[in-house]
Each structure stands twice: as C-alpha cells, then as structure tokens.
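Take a look at the structure below.
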Amino acid sequence: MNTLPPVVHVAVQRPFYSTLDYSYDPTQGSIPLGSRLEIKLAGRTTVGVVMGSSPTPTLADPKKLKAITRLMDNEPILDAHLVELLDWAAKYYHEPIGEVVFTALPSLLRQQRPLNLPIWWQLTATESPTELQRAKRQLALYEWLKAQGGYVSEDAVAAWAGNGWRVTMRHLEAKGLVASTTLPPAPLEHIATAPHLTLTPQQLATIEGIQHAITQAELKPTLLHGITGSGKTEVYLRVMAPILAQGKQVLVLVPEISLTPQLLGRFRTHYPHERMVCLHSGLTDQERLQAWLQAQQQQVRIIIGTRSAVFTPCPNLGLIIIDEEHDLSFKQQEGFRYHGRDLAIKRAHMLNIPIILGSATPALETLHNADSGRFHYFHLAQRPGTAKPPSVQLQNIRGQTLRSGLSSTTLSMIKDTLARQEQVMLFINRRGFAPLLMCSSCGWSGQCEHCSANMTYHARQGKLICHHCSVEKLVPEHCPQCGHHHLVTQGQGTERLELVLSQTFPTIPIIRIDRDSTARKGALAERLQQVHEHPTAILVGTQMLAKGHDFPNLTLVVVLEADAALLSSEYHARERFGQLLVQVAGRAGRSDKAGQVIIQTNHPENPALVTLLAQGYTLFARQLLEERRRWHYPPFGYQALLRANAPELNDALDVLDKMAEHLQLFGLGGVILLGPTTAMLEKRAGRYRTQLLLQSANRKALHTLLNYLTHTIKQLKFPANTRWSIDVDPLDLT
DNA sequence: AGCACGCCGACT
DNA sequence: GTCGGCGTGCTC
C-alpha cells in the first residue's frame with residue numbers, strides 16, 4: 001500500500017528553478033502557504049518558504065524525500081497573494097524561485113532567526129453568555145478582556161491571569177468568544193485635516209476622472225501624465241483619501257532615495273494623523289524589518305518605498321501608486337532583474353485593485369498602453385498658478401569655439417541671468433574634471449586596466465577613477481609611456497565646469513551637485529540648502545539635479561553634451577534623453593519668473609530633438625514608437641537578453657554560442673537571435689562581456705524558449721569561470 | 001550557491 | 001606515500 005506522506009513545495013536560497021518537496025506530519029496540523037521552515041538541505045540546515053503543498057510527493061524518487069525540521073514562525077510570513085505573485089515573477093523573469101522569494105524578504109528574515117510575532121487575543125463576542133456564570137475564572141478573564149478594549153497581548157493575559165491562563169483562553173476560544181490574532185489594525189484616524197491647496201479646474205477634473213475610473217468593475221491601470229510642476233502629488237493625495245477612509249492600505253513606489261523624504265513630507269502634511277512608513281536602501285536591516293512588519297500587521301496604511309517595496313506585504317491593499325513610472329531605477333539591473341512597475345501592475349491586477357502610474361515623461365511602453373486603450377489616460381497639461389512652461393532653444397555649436405564647453409552665447413546668457421539676480425543651472429551628465437587624460441606628445445591615454453574604458457580625471461582628489469569598476473590611481477606626474485611632462489585633459493566634467501565658472505564669475509557662488517560632492521551623508525541636503533540661501537548662484541550638476549527638486553529662483557538651464565545620447569545606436573538612448581531633457585527643463589521657471597532652457601548641440605536638425613521641442617513629449621514619444629513598430633522593438637515585440645562574461649573574451653562568446661546552438665536545435669519557433677556579440681563596454685572589472693538578444697512578436701514563443709533553456713542548461717558544458725544571466729524585457733542593451 | 005567527491009602535481 | 005588543486009555533479 002502506498003503510504004507516502006503529504007509534502008510542501010519549498011523555495012530555498014539556491015539556484016534551482018523549482019521548489020523542493022519536504023514531507024511533514026499532517027497530525028501536527030497543516031502548514032500554511034508562505035510559512036518559513038527550517039529544513040535540511042545537502043546535510044546543512046537552511047531556511048525555506050512554503051510555496052505550495054500536495055497530498056503526495058511530486059518528486060521522481062521518493063527515497064530522497066526528507067521531512068521538514070520545524071515551522072519557524074507562529075504566522076506565515078507571506079500571504080497567499082504574495083506567494084502567487086512571486087511564483088509568477090519567477091516564471092516570467094526565468095529566475096530561480098528561491099532567488100525571487102528571498103530577494104522579496106527583508107534580509108533579517110532570510111536568516112534562521114525565528115520571528116515570533118506577538119499573539120494577541122481578540123474579543124469576538126461582546127455579550128457574555130450566561131453559561132460563563134458558572135465558570136468563574138473564564139468569566140473574570142472575559143470581563144477583564146472587555147475592560148481592556150477587546151485586544152490584549154498574550155503576555156498581558158499571562159501576567160493578569162497567572163498559571164493556567166492558556167487553558168482558560170482555550171475554553172473561551174472554543175465557545176467562540178475570543179480568537180487569537182496578530183496585532184490589531186491601527187485604528188482609523190481622522191483623515192486629511194491639513195490646509196488644502198486650491199486645486200485648478202484641470203486637477204479637479206482629473207481627480208474626479210481617476211476616482212470614477214478606479215471604482216469601475218473592470219479595472220485598468222491609470223496613467224497620470226502630468227507635466228513637471230502640474231501637481232501630480234496633489235492628485236495622488238486626493239485620490240488616496242477615500243481608499244484610506246475605508247481602512248485600506250496605499251502602496252506608493254518612488255524612484256530613489258533622494259526624493260523619498262521630500263514626498264514623505266508632502267504626505268505627512270496632507271495626512272498628519274495617518275501613520276506611514278518609508279522603505280528605502282538607507283534603512284538598517286532592523287528598520288527595514290520593522291517597517292515591513294508594520295505594513296504586514298496593518299499598523300500603517302501608507303507605505304512609501306523604492307523598487308523592492310513592491311513586495312511589501314499589505315493584507316488590505318487598496319491602491320498602488322507609481323511615481324515617475326518611467327524611471328530606470330524601477331528595473332533591477334542585476335541578479336533578479338525585475339521591473340518594480342511591471343510587478344506592481346501585476347500585483348494590482350491579481351488583487352483587482354486600482355493602480356496609478358504618474359510621470360511627466362511616460363515610458364514609451366506605458367504611453368503605448370494608454371494609446372491603445374489598455375490604460376486609462378489623464379493629462380495634466382498646465383502648471384497651477386502663474387508658472388509658465390519654459391522656452392527651450394537649440395543652440396548650434398557646430399564650428400564654434402567653445403570655452404570649456406560653453407559657447408559665447410551661452411556665457412552671455414548666463415551673465416544676463418546673474419545680472420537679474422537669478423539662478424543658472426548647468427547640466428552635464430559627467431562627473432569628475434575631464435573624461436580623458438592624455439599625453440600631448442605620444443598620445444598615451446589613461447585607460448582602465450580592468451575595463452575597456454578611459455579613466456576619468458578627478459582633479460580635486462588628484463586621481464584617475466574608472467567609472468565602471470571604481471578603480472582609482474594617482475595621476476601620473478609624467479607620461480607613463482614616453483616620460484613627457486605635458487599631460488592634457490580632454491572633454492568636460494562637472495568639476496571642471498565648477499572651476500571655470502568660479503574663475504569667470506568670482507563673486508558668484510558655484511554649487512556643484514553630483515555623486516562626488518554629495519557622497520557624504522547630509523551633503524546633498526547641505527547643497528540644496530545653499531541653493532535656497534543664494535538667490536544668485538550657478539548650479540552645476542549631473543542627472544541628480546534633473547529630478548524633483550524645486551528651485552524657485554532658477555530661470556536658466558543649460559544642457560551640455562547632448563549629442564552623445566542623440567547619436568547613440570542604443571534605441572533606448574533617445575527616449576531617455578528626451579525624458580531627461582523634459583525633466584531638466586522642468587527645473588526652470590517654476591515660480592512666476594519665465595524660464596529659459598538652452599541645449600548646446602552640433603545637431604540642431606536632429607528630427608527627434610526637433611519634434612520634442614516643437615511638438616512636445618507626447619508626439620516625440622509617438623514618433624519613437626513608430627520607429628519601434630517598424631523594427632518590431634518593444635512594445636511591438638518582446639525581448640530577452642542573454643548575457644555572459646568571463647576573464648577571456650572567447651570563453652564569454654563560447655557560452656552564448658553554445659546557448660544559441662542549443663536553442664536552434666530545439667527550434668526557435670519564430671524567435672530571432674541577434675548575436676552573440678560583444679557588449680558595448682566590452683570589458684568591465686576584468687571580465688569580457690557578451691550578449692545574445694532574443695526577439696519575437698510572440699511573447700509565448702520567447703518564454704517557451706527561455707523555459708527550455710533554463711531547464712536544460714545543465715546539459716551544456718561552459719568553459720570554467722564563466723557567468724551568464726537572463727534579462728527579460730531588458731532596458732539596457734549596452 | 002555551497003559542498004563533497006575525485007583524480008593528478010609538490011611536499012612532510 | 002599524502003595534501004590539495006579545482007573540474008563535475010548533486011541538493012527534496
């Protein structure tokens with residue numbers, strides 16, 4: 001007779017694409033989905049998470065079956081919905097299930113420490129039945145519980161009732177008078193008492209429209225396309241109100257840490273009595289765990305966080321908001337390469353709750369979804385108050401002599417702006433002093449030993465730094481190749497601009513904001529403070545400056561080195577440049593003063609650029625979409641990028657050659673293979689990088705192929721020391 | 001990913 | 001004769 005025990009399907013922190021089966025003793029009770037287990041794996045004790053169960057083992061050889069060691073916590077750590085989402089994500093991104101589940105957990109929960117959530121007792125009936133009259137002890141405990149307001153912690157019960165309390169509680173539980181629970185949800189506070197901004201008719205109409213859209217039976221994601229300064233945050237805040245009033249949770253995803261405190265401030269002001277948490281990379285492990293638990297226990301209803309916050313357990317989730325949905329930081333670029341926005345959309349769909357994507361510059365994919373009617377679309381095209389959109393002009397620098405990257409027209413406009421006692425911002429997406437140091441005599445240049453790239457000259461530190469692998473070395477005093485003393489720099493960086501401007505405008509404060517000048521904790525806040533203290537000033541910065549910050553006295557923005565992005569062969573480059581340009585331009589003239597934007601370029605006739613300036617972002621984006629349609633690029637086709645790297649180029653190529661051959665043997669089913677080729681940055685940190693692009697009009701065909709690959713890859717023999725990865729929906733093809 | 005097992009070079 | 005190199009293969 002077959003007496004095989006029931007099993008749970010367990011995700012473990014190992015590179016396995018499937019769960020492992022472990023048996024358990026059903027007489028000890030069932031094991032809920034999402035529970036954390038202690039298990040033995042290959043002779044070692046480790047942590048697993050229950051992803052499913054079945055009455056009999058599903059593994060081929062039942063002799064291998066082991067029993068779980070124990071349940072680690074008194075509560076499952078993930079609810080059924082998150083288990084389903086993570087399961088889906090593992091399949092969609094072709095990532096080992098354990099990798100997915102464990103990146104979704106706070107790091108303290110990946111370890112073998114039990115969580116031991118406090119148990120609370122909840123009164124479930126308020127009328128004490130007469131039968132309790134006879135059971136004095138039960139009655140006393142029951143009345144005491146009632147006096148405490150209906151929720152009491154296990155510890156409090158033990159302290160009050162003394163020995164034997166557990167038996168008494170079990171009696172009360174059996175009579176249906178109490179139930180054990182985790183922490184009670186935070187009480188409903190009173191909502192939105194802060195003084196409200198007056199809304200524009202357009203904002204009001206948008207809020208009303210969104211509120212109507214998100215209460216429809218058939219929910220679609222909503223794109224809120226609002227130009228910079230149009231008050232998207234205010235719309236989020238108002239749309240949230242009815243959701244919060246129902247006691248539901250709102251999950252807000254934001255691009256990166258630098259903007260989180262700012263947004264949190266707005267939320268605090270608007271909802272001063274609502275408890276909220278922030279989940280970002282700046283938290284300690286303990287803080288992160290606490291925030292995670294508070295969301296899980298419904299102690300907070302507003303959860304603001306970066307990419308990984310999409311996995312925060314919210315048992316009563318009512319709305320998801322993705323701010324700056326186009327932002328690249330939502331896509332994880334290593335390991336489990338998920339897209340926070342796309343997973344949020346999936347999560348909202350699974351829960352049948354509304355989701356709002358906000359951006360001044362929606363991603364092409366998102367815009368296409370709105371154009372095709374798959375998403376609702378709302379447009380906030382005006383800035384409230386007197387703020388007007390800035391005037392943007394292209395400045396042809398072809399054949400002009402530049403002074404440290406600045407044309408004479410630019411310089412005179414800077415002078416004029418400063419004379420009006422206003423601020424100027426110079427935007428250049430390159431930190432350091434100069435991107436290249438070379439010998440004027442023999443042509444030697446400072447190459448990184450580990451990467452196929454130049455090292456950037458950082459004057460202040462007196463170093464050459466590789467921006468790809470962070471290797472540093474002291475600037476040589478003379479040419480390492482010919483001994484010549486005349487080493488010259490080429491090109492512009494933020495540091496050099498800062499220096500040149502301080503020489504040209506010795507009385508004007510120059511405030512540089514880039515990764516180097518803001519590395520120290522609190523340095524960014526200091527710099528921003530300086531900007532607000534000096535109404536006449538020059539700001540020099542990288543894309544850090546492009547997002548979110550409000551500089552009311554800033555009226556001139558100069559964009560330098562625009563051409564690299566325009567000429568790039570990477571088809572995402574122009575989309576990103578357009579987004580960046582619109583975001584940068586949005587910094588100019590945010591109050592009542594008119595803003596101007598100058599773009600220095602050698603290619604003022606560039607069609608994408610011309611469309612962007614003459615007809616705006618939406619038409620620019622639609623034009624790029626048409627191009628993508630012609631090439632069957634996303635969103636008109638589906639892509640996955642296989643990457644490999646190795647200390648030897650041939651080994652890295654060999655990996656992808658073997659994969660390509662393997663896939664061809666299986667049958668491509670209409671999927672096109674492009675490559676293998678070397679990556680644009682051929683060598684990085686001592687490893688050669690190669691890639692193979694898979695493209696198909698049919699998502700299913702692509703996924704079938706990837707699924708075959710991951711499940712048969714062990715048959716392939718790769719050279720030693722090679723690594724490979726799969727990137728589904730890649731956003732970075734370099 | 002770990003880790004054990006296993007088959008070839010320089011050492012007590 | 002052994003210690004240890006990292007190639008190969010397995011983990012419910």
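Note on naming: letters A, B, ... go to the chains in the order of the sequence lines (proteins, then strands), and numbering restarts at 1 for each one.
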Step through the shown structure and confirm whether more than 12 heavy atoms of other residues, nucleotides or ligands are within 6.0 Å of [atom1] on [X].
X: Gln715(A); atom1: CD; result: yes
X: Lys700(A); atom1: NZ; result: no
X: Gln333(A); atom1: CD; result: yes
X: His349(A); atom1: NE2; result: no

Of the options dG9(C), dC12(C), dA1(B), whose atoms approach the side-chain atoms of Lys64(A) most closely?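 Shortest atom-to-atom distance from the side chain points to dC12(C).
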
Side-chain N or O of Lys714(A) closer than 4.0 Å to phosphate OP1/OP2 of dG9(C):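 Negative; the distance criterion is not met.
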
Would you call the rings of Trp631(A) and Tyr633(A) parallel, tilted or perpendicular if under 30° counts as parallel and over 60° as perpendicular?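 Parallel.
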
Which word best sums up how the rings of Phe666(A) and Tyr708(A) line up, parallel for under 30°, tilted for 30 to 60°, or perpendicular for over 60°?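 If you compare the ring of Phe666(A) with that of Tyr708(A), the planes turn out parallel.
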
Steps toward salt bridge (charged side-chain N to carboxylate O under 4.0 Å, His left out) verdict (Arg307(A), Asp327(A)): CA-CA 10 Å; Arg307(A) 180 180 61 234; Asp327(A) 197 282; over 6 Å; no

Measure [atom1]/[X] against [atom2]/[N] and give the value in whole Å, please.
X: Lys40(A); N: dG2(B); atom1: NZ; atom2: P; result: 17 Å
X: Asp61(A); N: dC12(C); atom1: CG; atom2: P; result: 11 Å
X: Leu20(A); N: dC12(C); atom1: CG; atom2: P; result: 7 Å
X: Leu41(A); N: dG9(C); atom1: CG; atom2: P; result: 19 Å
X: Phe16(A); N: dT11(C); atom1: CZ; atom2: C1'; result: 5 Å
X: Arg110(A); N: dA1(B); atom1: CZ; atom2: P; result: 16 Å
X: Tyr17(A); N: dC12(C); atom1: OH; atom2: P; result: 20 Å
X: Leu716(A); N: dT8(C); atom1: CG; atom2: P; result: 13 Å

For DNA chain C, determine which residues of residues 99-108 of chain A have any heavy atom closer than 4.0 angstrom to one of its atoms, and list them numerically.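 Going residue by residue through residues 99-108 of chain A, none turns out to have a heavy atom under 4.0 Å of DNA chain C.
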
I want to check something: taking the side chain as every heavy atom from C-beta on, are Asp654(A) and Glu648(A) in contact at a cut-off of under 4.5 Å?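 A side-chain contact is absent here, since even the closest heavy-atom pair is not under 4.5 Å.
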
For nucleotides 6-8 of chain B, give me every protein contact, N/O to N/O, under 3.5 Å, one pair per line with atom names.
none

Set out, in order, the CA-CA distance, both residues' side-chain angles and the distance that settles salt bridge (charged side-chain N to carboxylate O under 4.0 Å, His left out) for Asp342(A) and Lys346(A), then state yes or no. CA-CA 6 Å; Asp342(A) 295 348; Lys346(A) 185 68 189 174; over 6 Å; no

